[in-house]
Amino acid sequence: MNGRSTVPVAAVSGERDGWLAQAAATAVLLIVFLDLPNYLAALNDDFRPKQAYYLMLVVGLAVVGASRRFSLHSVRPAMLFMIAVYALLNLMHATLLQHAPDSQAVHEAWFRIQIVVLGGVVALSASVLPTQYLGRVMAWCASIAAISVVIDFVVPHWFYPALADGAVPGRAGGIMISSTRAGEVLIVCSLLALPALTPARAMLLIALVGVGVLMTLSRGAMTIWLLFYLGLWANRTLPRSALGLLILTGLIVASSAGLLLAYLASTNPASDIGDLAQRLGFLSGSVPTDDSAQERTMVLVDGLRLFADNPLFGAGVAATSEWAHEVGTHNQLVMMAAEYGLLGALGWLGLIGFCLSGSYFAKPSNHWIAAAVVVLFSMLTHGMLDYPFWIAALMLLAIRRPAHEHEAAAIRPDPPARPDSGPSPSRG
């Protein structure tokens, strides 16, 4: 044997579906990950995102039913069990507990059931796509999202009205509108794009994503992007030169924080300049002390107190929404523990298990990086299970992918460890 792959080309491609099924699965991915229904709702008050998501559900089910590539063997039973338990918990809160039929808790419980079902169907329909093709779709998704954020930064409110729900003056969100959600979409899509990228292209895409994350002024997303970038550099998914690019870019950004603040003040007169200054100061290493940081600490403590008062079964769905604060816990673990008790805390551990149990990446170490990204985001947001793109991303990481699809992957698996000493093997 000459060491080259002997896997036939047909096997690498896998059994192909018709172009219509592939196009439908691609469209569903782009619409859900770019959050286009909510964007269209911001432009037209008569548009209802729920209608678009129901259509995505029907299309996704049709793709799964018609695909020759889909197999239930790729779906881990533990994953289905966790999703079923989560849906059942919410169903119990919506029907068995003593809530008024029109209460926020009932609406929230039914909403979460719908989101987890939709996200699961999106993942199953996407799983019929070859791994590298799926990676290319996610690369396009990350690129579109990043470019829209850059445009939103340069030309504020070009994409949406200034008073759109979720918009914050001075913080770009692109077609995602919310700057916080934009940071999540950018990093998650670039993570899922890795199987289709060479090291050089991965560096370029993640650098573009980094520019977009910077313009969201989301401190959490900026921190996670930096650690994500360094992790990929450390495990050689990115080329060695990526570290030099990072250091040079960091020096330029840190030295131009004042110029950025002046630009934001001139283009966003309605923005909170003090808050923006604190966020830009974060780039220089200053400790956040603004109202947002203090608010996060307060709701986190109260969320932990709520769990301590109701450790077994939690305080119930929407307990961290219908409380004294205007915002939630900003922490997925604390929210799940406070509302669902110990089962919620165990469910948070299951999110990490999703990242580690699949075979999405050729590099096993990239699954650990994905788990780290999920853990870090879960420490900064409580809405991971409220958006179908998060559910779909977690399930895609957990679904078994055909081993032969990684044979043609541009990024090679981790090399085996070399012995420290010993005679060289005979050449024979």
Side-chain angles (χ1 to χ4, degrees), residues 30-56 102-112 114-115 118-119 141 144-146 148-186 188-189 212-213 215-221 264 267-272 275-276 279 290-292 295-296 299 317-318 320-323 325-332 335 377 380-391:
L30 291 173
I31 290 171
V32 169
F33 274 83
L34 292 174
D35 202 18
L36 292 181
N38 283 316
Y39 174 64
L40 293 176
L43 301 181
N44 184 354
D45 292 337
D46 295 329
F47 183 81
R48 295 291 179 265
K50 182 180 292 188
Q51 298 170 356
Y53 282 128
Y54 283 153
L55 177 60
M56 295 303 99
D102 293 330
S103 68
Q104 183 177 350
V106 172
H107 286 296
E108 188 72 22
W110 283 114
F111 171 78
R112 292 178 183 178
Q114 294 173 55
I115 289 297
L118 173 61
C141 189
I144 293 170
S148 76
V149 171
V150 172
I151 294 174
D152 190 22
F153 183 86
V154 176
V155 189
H157 311 306
W158 186 78
F159 280 104
Y160 51 85
L163 299 179
D165 186 29
V168 179
R171 298 180 59 188
I175 55 180
M176 286 71 63
I177 302 178
S178 165
S179 54
T180 300
R181 190 158 64 249
E184 297 172 9
V185 169
L186 287 167
V188 169
C189 288
V213 168
M215 293 181 179
T216 67
L217 294 184
S218 171
R219 288 171 294 209
L264 290 172
T267 57
N268 297 272
S271 61
D272 184 347
D275 176 69
L276 298 180
R279 293 178 180 279
D290 55 282
D291 293 341
S292 175
E295 181 184 61
R296 283 176 175 269
V299 296
V317 172
T320 58
S321 301
E322 297 178 315
W323 62 348
H325 304 288
E326 295 182 359
V327 297
T329 61
H330 289 294
N331 186 297
Q332 191 69 42
M335 187 278 284
F377 267 124
L380 300 169
T381 180
H382 57 267
M384 293 176 69
L385 301 183
D386 293 338
Y387 290 98
F389 80 87
W390 266 117
I391 303 291

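Residues: numbered from 1 along the sequence shown.
Enclosure of atom CG in Asp45 is not indicated, since only 12 or fewer non-hydrogen atoms of other residues, nucleotides or ligands lie within 6.0 angstrom.
The side-chain heavy atoms of Lys50 and Gln114, taken from C-beta on, include a pair separated by under 4.5 Å. Residues Asn38 and Ile177 form no side-chain contact, since every pair of their non-hydrogen atoms from C-beta on lies 4.5 Å or further apart. The closest side-chain heavy-atom distance from Met56 to Leu118 is below 4.5 Å. With contacts defined as side-chain heavy-atom distances shorter than 4.5 Å, the pair Ile175/Leu36 qualifies. Using a 4.5 Å cut-off on side-chain heavy atoms (C-beta onward), Thr216 and Val149 make contact. Under the 4.5 Å side-chain criterion, counting only non-hydrogen atoms from C-beta, Trp323 is in contact with Thr329. The side-chain heavy atoms of Leu34 and Cys141, taken from C-beta on, include a pair separated by under 4.5 Å. Looking at Ile115 and Tyr53, their side chains never come closer than 4.5 Å, going by heavy atoms from C-beta outward.
Every residue two or more places apart in sequence or in another chain that forms a side chain to side chain contact (heavy atoms under 4.5 Å, CB included) with Leu40 is listed here: Phe47.
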Query raised in the report: Taking it one step at a time, do Glu108 and Asp386 satisfy side chain to side chain contact (heavy atoms under 4.5 Å, CB included)?
Result: CA-CA 10 Å; Glu108 188 72 22; Asp386 293 338; 4.1 Å; yes
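The side-chain hydrogen bond (donor to acceptor under 3.5 Å, both in side chains) analysis of residues 148-157, with sequence neighbours excluded, yields the pairs Asp152-Tyr160.
With rounding to the nearest 0.5 Å, the separation of CG in Leu380 from CD in Gln332 is 11.5 Å. Taking CZ from Phe33 and CD1 from Ile144, the interatomic distance works out to 13.0 Å, rounded to the nearest 0.5 Å. Atom NE2 of His325 sits about 10.5 Å away from atom NE2 of His330, to the nearest 0.5 Å.
Scanning both residues, Ala167 and Ala162, for their nearest heavy atoms gives CB-O, 4.0 Å. Contact between Val299 and Arg296 at its shortest, heavy atoms only, is CG2-O, 3.3 Å.
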Considering only distance and modelled atom types, tabulate donor-acceptor pairs under 3.5 Å from the side chains of residues 178-186, sequence neighbours left out.
residue: Ser178; atom: OG; partner: Thr180; partner atom: N; Å: 3.4
residue: Ser178; atom: OG; partner: Arg181; partner atom: N; Å: 3.2
residue: Ser179; atom: OG; partner: Arg171; partner atom: NE; Å: 3.2
residue: Ser179; atom: OG; partner: Arg171; partner atom: NH2; Å: 3.2
residue: Arg181; atom: NE; partner: Asp35; partner atom: OD2; Å: 2.9
residue: Arg181; atom: NH1; partner: Tyr387; partner atom: OH; Å: 2.8
residue: Arg181; atom: NH2; partner: Asp35; partner atom: OD2; Å: 3.3
residue: Arg181; atom: NH2; partner: Met176; partner atom: O; Å: 3.1
residue: Glu184; atom: OE1; partner: Trp390; partner atom: NE1; Å: 2.9

